[in-house]
Amino acid sequence: MKVINLHQQENELIQLAVENNRQAQQKIYTQFSPKMLSVCRQYIKDIHQAEDVMITAFMKVFVNLKNFQHKGSFEGWIRRIMVNECISFIRVDKKVKYVEDENYFEESFNNIDSQFSVDEIQFLIDSLPDGYKMVFNLYVIEGYKHHEIAAMLGISEGTSKSQLSHARKMLQGQLSNLKKYDNGTE
C-alpha cells in the first residue's frame, strides 16, 4: 500500500496557484467553493448575493495566497477570508446597528430538537436581525470568542454577549412556536 502525502500535495497546489497557474487555482476553487458558499450563506440570506460575496472573497484568496504561512489549516484560512468578506458586505449593504445592552445572561442552547431540518433552522437564523445573526454565526458556528467578535465588528465585548443572548432567546422562542405548530397545538 502506497501512502500519499496529502499535505505535500496541498502545498504544491498552493505554490502553483501563487504562481498564477490557472489549473491549480481552479482546483482550489472547485475543492473549497461548496463549503465556502455554505459559510457565506450563513451570513447572507440571498443565495445570489452569497455567491457574489464568495467569488469576491476567492479573488482575495488568490491575491493574498502568497501570504498564507502554512500554519494551521488552509481551509480555515480561506474560511476566515470568507467570513471577513461577508461582514464587509453586510456592513456596506445593510448598515447594521448594534444595541448596547450590558444586561445579558448566558444560557445553554445545546438542546435543539433533531426533529427540525437544516433548512428550517437556517430559515430561523435568517429571520434574526442582522446584528444578532452576525454575532450568533461568529460565536456558535465559527467559534470566535466575544473579544474577537468585538474587535471584528467594532463593538464592545458586552454588546457581543448581549447580541448572542438576544439571538438565542429569539431562536428558542421561534423553535418553541415551530414545535407547537408541528405538534398541531396551534
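When reading the values below, keep in mind they use all heavy atoms of this one structure, side chains included, and skip hydrogens, waters and symmetry mates. One-based numbering along the sequence shown.
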Kindly give the heavy-atom pair with the smallest separation between Glu157 and Ala150, and that separation in Å. N-CB, 3.7 Å
Check: Leu65 and Trp77 side chains under 4.5 Å, non-hydrogen atoms: yes
Using modelled atom types and a 3.5 Å cut-off, is there a donor and acceptor pairing between side-chain atoms of Thr159 and backbone atoms of Ile155? no
Can Gln9 and Leu13 be said to form a side chain to side chain contact (heavy atoms under 4.5 Å, CB included), step by step? CA-CA 6 Å; Gln9 285 181 346; Leu13 186 63; over 6 Å; no
One should read off an interatomic distance between Leu124 CG and Lys133 NZ, to the nearest 0.5 angstrom, of 11.5 Å
Honestly curious: do Leu16 and Ile28 fall in one hydrophobic cluster under the side-chain, below-4.5 Å linking rule? no
Flag side-chain contact, heavy atom, 4.5 Å: Val61 against Phe68: no
Might you work through the side chain to side chain contact (heavy atoms under 4.5 Å, CB included) test for Phe89 and Asn84, ending with a clear yes or no? CA-CA 9 Å; Phe89 171 81; Asn84 288 336; over 6 Å; no
Please check this pair: side chain of Thr30 against backbone of Gln26, looking for a donor-acceptor N/O pair closer than 3.5 Å. yes
So which heavy atom on Ala17 is nearest to which on Ala24, and how close? N-CB, 3.7 Å
Connected via hydrophobic side-chain network under 4.5 Å: Met36 and Met59: no
One pair to check against side chain to side chain donor-acceptor pair (under 3.5 Å): Gln122 and Gln42. What are the steps and the verdict? CA-CA 8 Å; Gln122 184 62 55; Gln42 283 292 325; 2.9 Å; yes
What are the two closest heavy atoms between Ile125 and Leu171, and how far apart are they? N-CD2, 4.0 Å
Go through the steps to decide whether Ile78 and Val39 satisfy the test side chain to side chain contact (heavy atoms under 4.5 Å, CB included), and finish with yes or no. CA-CA 10 Å; Ile78 294 173; Val39 168; over 6 Å; no
Is a salt bridge present between Asp126 and Arg41, judged by a nitrogen-to-oxygen distance below 4.0 Å? yes
With rounding to the nearest 0.5 Å, note down the distance linking NZ in Lys169 to OH in Tyr132. 9.5 Å
Contact check, side chains of Tyr43 and Glu142, non-hydrogen atoms, under 4.5 Å: yes
Is Leu153 close to Ser160 at the side-chain level, that is, under 4.5 Å between some pair of heavy atoms? no
For the atom pair NZ (Lys27) and CZ (Arg22), what is the distance rounded to the nearest 0.5 Å? 15.5 Å
Give me the one residue out of Arg80, Arg91, Lys60, Arg79 that meets salt bridge (Lys or Arg N to Asp or Glu O under 4.0 Å) with Glu85. Lys60
Reported OG1-to-CE distance for the pair Thr56 and Met82, which is rounded to 0.5 angstrom: 9.5 Å
Using only atom types and a distance under 3.5 Å, with no angle test, would you say the side chain of Asp46 pairs donor to acceptor with the backbone of Gln49? yes
Just verifying a value: how many Å separate Gln25 CD and Glu19 CD, rounded to the nearest 0.5 Å? 10.5 Å
Worked check of side chain to side chain contact (heavy atoms under 4.5 Å, CB included) between Asn67 and Asn64: CA-CA 5 Å; Asn67 300 325; Asn64 293 295; 3.5 Å; yes
Judged by atom type as modelled, is there a donor-acceptor pair below 3.5 Å linking the side chain of Ser162 to the main-chain atoms of Gly158? no
Would you check if Leu164 and Val140 make a side-chain contact, meaning some heavy-atom pair closer than 4.5 Å? yes
Could you check if a side-chain atom of Leu37 sits within less than 4.5 angstrom of a side-chain atom of Ile47, using non-hydrogen atoms only? yes
What's the shortest heavy-atom distance between Gln174 and Ser127, and which atoms? NE2-OG, 2.8 Å
Do the side chains of Phe74 and Phe32 get nearer than 4.5 Å, heavy atoms only? yes
Inter-residue atom distance His166.NE2 - Lys161.NZ, 0.5 Å rounding: 14.0 Å
Taking every non-hydrogen atom, the tightest pair across Ala50 and Cys40: O-CB, 3.7 Å
Nearest heavy atoms of Val63 and Lys66, plus distance in Å: O-NZ, 2.8 Å
Are the side chains of Phe58 and Ile81 in contact, using a 4.5 Å heavy-atom criterion? no
